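The structure under discussion appears below in the form of structure tokens.
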Amino acid sequence: QVQLVESGGGLVQAGGSLRLSCAASGRTISNYAVGWFRQAPGKERDFVATISRGGRITDYANSLKGRFTISRDNPRNTVYLQMNSLKPEDTAVYYCAAQYSSGIPTTYTYWGQGTQVTVSS
């Protein structure tokens with residue numbers, strides 16, 4: 001079992017930045033690919049970014065490339081999502097998820113509870 005806890009969300013003005021953290025416990029995160037997803041009110045959960053277990057492979061939603069960066073610190077059992085130039089449409093609950101995988105998985109087994117990000121105009 002992997003437990004995931006997101007943090008770093010909050011209220012920020014448009015154009016600002018936030019860094020989200022996804023802290024893992026129960027298993028070493030270095031064996032797991034980790035993804036970030038988000039769900040805005042009344043909408044389905046969308047893919048944001050993912051990173052392979054070693055950090056060499058990353059992938060992003062096309063609309064977020066250049067503004068968001070995913071990274072990981074395996075000794076700290078933590079994955080990060082740096083979000084820059086935030087827009088009101090980035091407002092959502094952000095979730096991290098983990099999957100035991102050597103590559104980029106298509107599904108994720110373990111999910112955190114989410115952290116709210118609100119971007120004001």
Side-chain angles (χ1 to χ4, degrees):
Q1 281 285 66
V2 177
Q3 290 81 44
L4 303 172
V5 177
E6 303 92 339
S7 62
L11 175 64
V12 63
Q13 288 189 332
S17 298
L18 283 174
R19 188 177 78 158
L20 305 183
S21 299
C22 173
S25 61
R27 291 284 189 273
T28 177
I29 199 66
S30 61
N31 291 325
Y32 294 78
V34 175
W36 284 97
F37 297 79
R38 68 185 185 182
Q39 187 166 20
K43 297 188 177 180
E44 294 188 352
R45 187 163 55 193
D46 290 331
F47 167 74
V48 173
T50 187
I51 188 167
S52 62
R53 64 186 184 186
R56 278 191 263 183
I57 304 171
T58 59
D59 192 22
Y60 298 88
N62 286 335
S63 62
L64 301 177
K65 288 179 181 177
R67 293 197 299 123
F68 287 18
T69 304
I70 190 170
S71 62
R72 63 192 301 155
D73 185 343
N74 283 343
R76 294 183 182 269
N77 248 21
T78 303
V79 174
Y80 304 99
L81 183 69
Q82 178 69 42
M83 306 186 295
N84 298 328
S85 302
L86 283 162
K87 305 174 182 180
E89 51 264 42
D90 295 317
T91 295
V93 178
Y94 284 71
Y95 300 89
C96 65
Q99 179 67 27
Y100 188 89
S101 174
S102 60
I104 297 298
T106 55
T107 60
Y108 293 82
T109 300
Y110 305 102
W111 291 82
Q113 293 299 306
T115 185
Q116 175 71 46
V117 171
T118 303
V119 184
S120 64
S121 57

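The structure presented is a predicted model; accordingly, all values stated were derived computationally and were not measured.
The two residues T78 and S21 make their nearest non-hydrogen contact at CG2-CB, 4.1 Å. Contact record, S101 with G103: OG-N, 3.1 Å, taken as the closest heavy-atom pair. Considering every non-hydrogen atom in both P88 and A14, the closest pair reads CD-CB, 4.1 Å. Pairing each heavy atom of C96 with each of V34, the nearest pair is CB-CG1, 4.5 Å.
Distance CD/Q39 to CD/Q116: 11.0 Å, rounded to 0.5 Å. Here T115 contributes atom OG1 and R38 contributes atom CZ; the two are 14.0 Å apart, rounded to the nearest 0.5 Å. Going from atom SG of C22 over to atom CZ of R72 covers 9.0 Å, rounded to the nearest 0.5 Å. Distance check, rounded to the nearest 0.5 Å: CD of Q113 to CD of E6 gives 7.5 Å. The OG1 atom of T50 sits 11.0 Å away from the CG atom of L81 when rounded to the nearest 0.5 Å. Note: Q99 CD to Y110 OH = 8.0 Å, rounded to the nearest 0.5 Å.
Looking at heavy atoms from C-beta onward, R67 lies in side-chain contact with D90 at the 4.5 angstrom threshold. Two residues are said to be in side-chain contact when any heavy atoms from C-beta on lie closer than 4.5 Å; S17 and N84 meet this criterion. Under the 4.5 Å side-chain criterion, counting only non-hydrogen atoms from C-beta, Y60 is in contact with T69.
The hydrophobic cluster containing Y108 also contains Y95, counting ILVMFWY residues as joined when their side-chain heavy atoms lie under 4.5 angstrom apart, directly or transitively. Linking ILVMFWY residues whenever their side-chain heavy atoms come closer than 4.5 Å, directly or via other members, places L18 and I70 in the same cluster. Each of L86 and Y80 belongs to its own hydrophobic cluster when Ile, Leu, Val, Met, Phe, Trp and Tyr are linked at side-chain heavy-atom distances under 4.5 angstrom. No continuous path of hydrophobic side-chain contacts links I29 to I104 [ILVMFWY only; heavy atoms under 4.5 Å]. Residue M83 is not grouped with residue L11 when hydrophobic side chains (ILVMFWY) are merged at heavy-atom distances under 4.5 angstrom, including chains of intermediate members.
Ring centers of F68 and W36: at least 6.0 Å apart, outside the cut-off.
There is no side-chain donor-acceptor pair under 3.5 Å between Q13 and S120.
Using modelled atom types, one side-chain atom of N74 and one backbone atom of R53 make a donor-acceptor pair closer than 3.5 Å. Judged purely by atom type and a 3.5 angstrom limit, N77 uses its side chain to pair as donor or acceptor with the backbone of A24.
Aromatic ring pairs are classed by plane angle as parallel below 30°, tilted from 30° to 60° and perpendicular above 60°; the pair Y100 and Y32 is perpendicular.
The environment of CZ in R27 is sparse: at most 12 heavy-atom neighbours from other residues, nucleotides or ligands sit within 6.0 Å.
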